[in-house]
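By convention here, the first residue in the shown sequence is residue 1.
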Amino acid sequence: MSSRLVGVGVGPGDPELVTVKGVNALRAADVVVVPVMDTGERGRAEATVLHYVPAAKVVRVVFALNERTDRARREAAWDAAGERVAELLREHGAVAFATIGDPNVYSTFTYLAQTVAESVPELVVETVPGITAMQDLAARSGAVLTEGTEPLTLVPVTAGAAVLKDALAGPGTVVAYKFGRQAGEVAEALRETGRLGDAVWGSALGLAEESVRPAAELDGAPLPYLSTLIAPPRRDGGRGGKL
C-alpha cells in the first residue's frame with residue numbers, strides 16, 4: 001500500500017486563514033509533522049495546527065530552518081529530518097506536514113518531499129494550498145496586488161538586495177519576503193526606484209504582535225526575519241487604467 005505525504009499550507013499565522021480543505025487534511029492524517037528549529041521554540045505552523053488537532057497527534061521534527069552558511073550541517077539536518085518523516089510514514093501510512101503560507105511557495109515541504117521520496121517506495125506526495133503572507137498583508141493594508149495587465153514579482157531578499165532592486169526597476173507590483181534583516185538596504189532600494197511612497201510592510205500577520213506600516217517608516221533598524229513588503233507600481237489613469 002502506498003504511503004501518503006501531504007503538505008498542508010496553514011497560512012501566515014492567523015488560524016482563521018486555514019482553508020476548510022487544509023483543516024480536513026490535518027484531521028484526516030494519522031500524524032501531523034511540524035517543523036521546529038533546534039532551539040525548540042514553538043513556530044507559527046505548530047501554533048496554528050494546535051487550533052485544529054490535538055497535541056498528541058502532532059510530531060515536532062527539527063529542521064535547519066535558519067542555517068545558510070554551513071552546508072554540511074544543513075544537509076545533515078535535512079537527512080535526519082527526512083529519515084524521521086520516513087519512519088513515521090512506515091508506521092502510519094498517512095502523514096501531513098504543516099507549513100506556513102503555501103507548500104509550493106518557498107516552502108520547507110519541497111525539500112522534505114524530495115528527501116523522503118528517496119527512501120520511501122511508491123510514496124504519494126500531495127499538497128493543499130494555503131493563503132500566503134502577501135495575500136494577507138494586501139488584505140490587512142488595503143494594498144492592491146495587481147490590476148489589469150500588471151505583472152507580479154515575488155523576491156526573497158535572502159537572494160540579495162540587488163535582486164530586489166532589479167525587480168523594483170521593472171513594471172508591476174513587487175513583493176519581498178524575508179527582508180527583515182536587510183531592512184535598511186530595502187528602504188534604500190525603494191527610495192532609489194521611486195517606490196517608497198505607496199509601499200507597505202508587515203510582520204507577525206494575524207498574531208498579537210502584528211505590525212502593518214507604510215514602508216516610508218522604515219528607518220534601517222532590523223525587523224523580524226519573516227517580514228513582507230508590497231511595493232505597488234504607480235497607477236495613473238483612474239479606474240481600469242491598467243486594462
Y52 six-ring face occupied by R27 cation (under 6.0 Å, within 45°):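 No; the conditions do not both hold, so R27 does not lie above the ring face of Y52.
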Test item: D30 and V95 side chains (from C-beta on) under 4.5 Å apart, heavy atoms: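 No, too far: nothing below the 4.5 Å cut-off.
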CD-CG distance between E217 and L196, expressed to the nearest 0.5 angstrom: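 With rounding to 0.5 Å, CD (E217) is 10.5 Å from CG (L196).
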Exercise: do T99 and T108 side chains pair donor with acceptor under 3.5 Å: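 Short answer, no.
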Criterion side chain to side chain contact (heavy atoms under 4.5 Å, CB included) against L164, the qualifying member of V157, T153, L190: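 When side chain to side chain contact (heavy atoms under 4.5 Å, CB included) is applied between L164 and each of V157, T153, L190, only V157 qualifies.
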L218 CG to R213 CZ distance, which is reported to the nearest 0.5 Å: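 So the gap between those two atoms works out to 10.0 Å.
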Lys/Arg-Asp/Glu bridge criterion (N-O < 4.0 Å) met for D14, R140: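 The answer is yes: the pair qualifies as a salt bridge.
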Check: F97 ring centre within less than 6.0 Å of F63 ring centre: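 Here the rings of F63 and F97 have centres that are less than 6.0 Å from each other.
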Side-chain donor or acceptor of E150 paired with backbone N/O of E147 under 3.5 Å: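 Between the backbone of E147 and the side chain of E150 there is a qualifying donor-acceptor contact (under 3.5 Å).
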4.5 Å side-chain heavy-atom contact, L229 and V175: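 Heavy-atom side-chain distance check fails, nothing below 4.5 Å.
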Within-4.5 Å side-chain heavy-atom neighbours: P35 and F109: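 Sidechains of F109 and P35: no contact.
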Name of the residue among L137, V144, V174, L152 meeting side chain to side chain contact (heavy atoms under 4.5 Å, CB included) with I230: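 Among L137, V144, V174, L152, the one meeting side chain to side chain contact (heavy atoms under 4.5 Å, CB included) with I230 is L137.
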Distance-only donor-acceptor check, side chains T127 and N104, under 3.5 Å: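 Present: a donor and an acceptor within the cut-off.
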Check ion pair R90-E87 (N to O, under 4.0 angstrom):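 E87 and R90: not salt-bridged.
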Non-hydrogen side-chain atoms of W201 and T228 separated by less than 4.5 Å: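 SC-SC contact between W201 and T228 ruled out.
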R191 CZ: over 12 foreign heavy atoms closer than 6.0 Å: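 Yes, because the 6.0 Å sphere around CZ of R191 holds more than 12 heavy atoms from other groups.
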Residue pair V128 / V6, side-chain heavy-atom distance below 4.5 Å: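 They are in contact (side-chain heavy atoms under 4.5 Å apart), so the answer is yes.
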